[in-house]
> 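This is the structure I want to talk about, given as structure tokens.
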Amino acid sequence: MDRSGKDFKLLSTFFLLSLALSNKVSASSDLRHPCNSPCLLISTPTRILAVDYGNQSSFAVISNLSNANGYYVDVHYKLGYLFWSDRAQRKIKRSNMDGTNITVIHNDTDCVGLAVEWNSMRLYWTENPKKTISVSDLEGNNRNIVLSTTDYPRGIAVDPQQGLMFWAAMSKIEKSNLDGTQRDIIVSSNLSSAHSITVDRKRKRVFWVDYRKDQIESVDYSGSNRVLLSRIQGVINLFGIAFTSSFLFVGEWHRNTVFKVNASNGTVVSSVQFASSTPSGSRGIYGYDSTLQPPATCPALPAPTDGAILGCPRNASVNYDTVCQFLCNNRYLGHGSQERRCLLNGTWSGQEFVCQTVTCPLPINAVFLGCKTGETEIINGTECRFSCKEESKVAGSTARRCIKDGKWSGAELACTGIRTTNIRHENEKESDVIPEVLFLNRWMILDYESIHDRHLSLYIL
């Protein structure tokens with residue numbers, strides 16, 4: 001067989017092997033998890049691959065892309081969402097982790113880097129031609145420009161716990177708060193073409209690759225302690241970087257190779273070949289690792305005054321999905337949400353729960369026996385006895401309790417009847433009698449305006 005025949009046979013074998021690897025799916029993959037965490041998601045010009053670097057297997061999550069040179073990927077691990085940019089179509093898309101239910105969430109967007117802020121469930125992305133960094137929710141709504149730059153922002157990474165975002169802008173590395181305030185340049189020298197960026201949130205370090213120098217560098221969040229980690233020999237344009245499990249994974253623009261690099265000392269531990277029918281290189285790399293998106297914590301909730309809290313600690317922050325319940329002491333009534341849950345964005349569901357004293361209004365038609373009448377209301381649980389004025393008839397309950405809904409137990413007391421009282425007008429004889437009448441549960445005195453015209457008046461007691 002001549003040399004050309006051998007080359008053809010070799011290429012054919014490589015092609016078939018690549019197809020076999022590209023279709024290999026781990027038995028543990030499901031709708032929410034494309035591969036066993038930790039693993040890699042790698043975008044190429046035509047596909048987005050899930051790569052298990054442990055056994056060097058891969059399969060396509062998204063196929064038949066538009067052969068563009070700009071696919072940048074990120075995920076929301078808990079919700080099971082995959083996000084990527086399509087520069088050929090000028091769109092940002094979202095799908096389930098198995099590649100189903102593809103949805104366009106942004107149009108007319110030349111995105112060159114994106115990052116998911118998983119706690120507040122927002123998506124950040126850079127647009128090179130517009131020189132902007134924008135944000136929206138994960139449905140594509142509430143879109144805003146966070147900041148405009150004079151440079152060309154590229155790769156972007158976020159740290160929700162610190163409230164920071166970092167981005168590469170070719171000749172500099174910058175950071176700001178997530179709302180775009182307190183912008184600061186943390187690296188401004190000896191950069192040629194910084195495209196891709198990632199962060200180690202525990203050690204608070206930023207990593208990037210220089211596309212032209214083919215080297216990996218690092219600096220802390222403040223811009224200090226800059227370190228040249230590695231300059232990999234024999235590569236052609238490093239592009240794409242991800243941090244996971246104490247290692248960096250760095251791709252090449254032109255070849256299907258991903259290098260595994262020790263994040264502390266820059267040692268190249270190994271390289272991973274991902275399957276592809278043509279040498280296409282990586283465009284974006286994401287470390288698919290549940291530990292990279294720790295669940296949000298919610299601040300401690302206090303026990304209500306005159307009540308208690310159940311199911312969560314009183315003086316410590318709690319993890320996502322923790323449920324707290326509240327109770328009130330006897331004679332108190334709760335207002336607000338009796339059950340509250342810690343949400344993904346680090347806030348509590350429901351409304352503040354408070355315990356308030358339950359009181360009943362004073363009845364206006366009876367005489368109190370055995371209760372304090374100097375108050376305007378009676379506290380829940382208090383029992384009072386009532387009576388009518390002498391010589392009147394009693395209807396209703398003479399013993400009533402203030403109950404939890406702020407009402408009185410039993411039936412309202414009604415007093416009926418007529419009696420006479422010796423009330424003397426100053427110009428009348430002592431024997432003159434003024435009748436006193438009970439009308440509509442109110443005692444009234446019949447009195448005379450004057451001795452001469454005997455004009456009748458009513459005075460309500």
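Everything quoted here is computed from the prediction, not taken from an experiment.
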> Do Leu147 and Trp167 make a side-chain contact, defined as non-hydrogen atoms from C-beta onward lying under 4.5 Å apart?
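A side-chain contact exists here, since the closest heavy-atom pair is under 4.5 Å.
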
> Taking only residues two or more places apart in sequence, or in another chain, which ones meet His195 in a ring pair (Phe, Tyr, Trp, His ring centres under 6.0 Å)?
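Counting only residues at least two positions away or on another chain, His195 forms a ring pair (Phe, Tyr, Trp, His ring centres under 6.0 Å) with Tyr211, Phe239.
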
> Would you check if the side chain of Asp110 reaches a backbone N or O of Glu127 as a donor-acceptor pair within less than 3.5 Å?
no

> What are the two closest heavy atoms between Pro160 and Asn119, and how far apart are they?
CB-ND2, 3.8 Å

> Would you call Ile232 and Val268 a side-chain contact if the rule is heavy atoms closer than 4.5 Å?
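Counting from C-beta outward, Ile232 and Val268 do come under 4.5 Å.
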
> How far apart are the C-alpha atoms of Asn225 and Val219, what are their side-chain angles, what is the distance that settles it, and do they pass the side chain to side chain contact (heavy atoms under 4.5 Å, CB included) test?
CA-CA 6 Å; Asn225 302 310; Val219 74; 5.9 Å; no

> What distance separates Asn177 CG from Met165 CE, expressed to the nearest 0.5 Å?
8.5 Å

> Kindly indicate whether the side chain of Met97, heavy atoms from C-beta on, has any atom under 4.5 Å from the side chain of Leu41.
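Side chain of Met97 against side chain of Leu41, heavy atoms only: contact under 4.5 Å found.
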
> Mind checking the CG-CG spacing from Asp210 to Leu228? Nearest 0.5 Å is all I need.
10.0 Å

> For residues Tyr77 and Asp289, is any side-chain donor paired with an opposing acceptor at under 3.5 Å?
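The criterion, which ignores hydrogens and geometry beyond distance, is not satisfied for Asp289 and Tyr77.
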
> So which atom in Lys130 and which in Asp108 form the shortest heavy-atom distance, rounded to 0.1 Å?
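It is NZ-O, 3.7 Å.
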
> Taking all heavy atoms of Val73 and all of Ser43, pick out the closest pair and write down the distance.
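It is CG1-CB, 3.9 Å.
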
> Tell me yes or no: between the side chains of Arg341 and Ser349, is some donor less than 3.5 Å from an acceptor?
no

> Partners of Arg94 by salt bridge (charged side-chain N to carboxylate O under 4.0 Å, His left out), sequence neighbours excluded?
Glu139

> Flag the pair Trp84 / Ile62 as yes when at least one side-chain heavy-atom distance between them is below 4.5 Å, and no otherwise.
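Yes, their side chains come closer than 4.5 Å.
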
> Donor-acceptor pair, distance only, cut-off 3.5 Å: does the side chain of Trp348 make one with the backbone of Pro299?
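Yes: the side chain of Trp348 pairs with the backbone of Pro299.
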
> Under 4.5 Å between any side-chain heavy atoms of Arg183 and Glu174, yes or no?
yes

> Asp74 side chain to Val116 main-chain N or O, any donor-acceptor pair under 3.5 Å?
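Yes, the answer is positive, given that a donor and an acceptor are paired below the 3.5 Å cut-off.
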
> Got a sec, which residues hit salt bridge (charged side-chain N to carboxylate O under 4.0 Å, His left out) with Lys93, two or more places apart in sequence or on another chain?
Asp86

> Rounded to the nearest 0.5 Å, what's the gap from CD on Gln351 to CZ on Phe353? Could you check?
13.0 Å

> What distance separates Ser176 OG from Gln182 CD, expressed to the nearest 0.5 Å?
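If I round to the nearest 0.5 Å, the distance is 9.0 Å.
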
> Tell me the closest heavy-atom pair linking Ile156 and Ala115, and the distance in Å.
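Looking at all heavy atoms of both residues, the shortest contact is O-CB, 3.8 Å.
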
> Say whether, by atom type as modelled, one donor and one acceptor occur between the side chain of Trp118 and the main chain of Pro294 under 3.5 angstrom.
yes

> Taking the six-membered ring for Trp and the full ring for Phe, Tyr or His, determine whether the centres of Phe166 and Tyr221 are under 6.0 Å apart.
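Yes.
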
> Please confirm whether the backbone N or O of Leu79 pairs with a side-chain atom of His76, one donor and one acceptor, at under 3.5 Å?
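Yes; judged by distance alone, with no hydrogens or angles, the pair exists.
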
> Is there a donor-acceptor contact under 3.5 Å from the side chain of Thr44 to the main chain of Arg47?
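Pair found, side chain donor or acceptor close to backbone of Arg47.
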
> Do you know the tightest heavy-atom contact between Val51 and Cys39?
O-CB, 3.3 Å

> With Glu252, which residues qualify under salt bridge (charged side-chain N to carboxylate O under 4.0 Å, His left out), at least two apart?
Arg255

> For Arg226, what residues pass the salt bridge (charged side-chain N to carboxylate O under 4.0 Å, His left out) criterion, not counting sequence neighbours?
Glu217

> Determine whether the side chains of Thr267 and Asn262 contain a donor N or O and an acceptor N or O closer than 3.5 Å.
no

> Take Lys91 and His106, measure what side chain to side chain contact (heavy atoms under 4.5 Å, CB included) needs, and give me the verdict at the end.
CA-CA 5 Å; Lys91 301 177 187 295; His106 290 297; over 6 Å; no

> State which residues pass ring pair (Phe, Tyr, Trp, His ring centres under 6.0 Å) with Phe249; sequence neighbours excluded, sorted by chain then number.
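Here the qualifying residues are Tyr53.
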
> Counting N and O atoms only, with roles assigned by atom type, does the side chain of Ser85 sit under 3.5 Å from a partner on the main chain of Arg87, one being a donor and the other an acceptor?
no

> List the steps and the verdict of side chain to side chain contact (heavy atoms under 4.5 Å, CB included) for Tyr288 and Val75.
CA-CA 8 Å; Tyr288 187 76; Val75 305; 4.1 Å; yes

> Please indicate whether Gln161 has more than 12 foreign heavy atoms, meaning atoms of other residues, nucleotides or ligands, lying under 6.0 Å from its CD.
yes

> So how far is it from Leu327 CG to Leu310 CG, rounded to the nearest 0.5 Å?
5.0 Å

> For Leu292, is there any backbone N or O sitting under 3.5 Å from a side-chain donor or acceptor partner on Arg201?
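Confirmed, Arg201 side chain pairs with Leu292 backbone.
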
> Answer yes or no: is there a donor N or O on one side and an acceptor on the other, between the side chain of Gln325 and the main chain of Cys312, under 3.5 Å?
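Checked: no pair found.
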
> Does Tyr124 use its side chain to pair, donor to acceptor, with the backbone of Val146 at less than 3.5 Å?
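Answer holds: no.
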
> Report yes if the side chains of Phe259 and Ser230 come closer than 4.5 Å at any heavy-atom pair, otherwise no.
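They are not in contact (no side-chain heavy atoms under 4.5 Å apart), so the answer is no.
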
> Side chains of Asn142 and Asp137: any donor to acceptor distance under 3.5 Å?
yes

> Are the side chains of Thr198 and Leu248 in touch, meaning some heavy atoms are under 4.5 Å apart?
yes

> I want to check something: taking the side chain as every heavy atom from C-beta on, are Val61 and Leu49 in contact at a cut-off of under 4.5 Å?
no

> If every non-hydrogen atom of Ile285 is compared with every non-hydrogen atom of Val250, which pair is closest and at what distance?
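It is CD1-C, 3.9 Å.
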
> So does Ile145 have more than 12 non-hydrogen atoms from other groups sitting under 6.0 Å from CD1?
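Count not over threshold, so no.
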
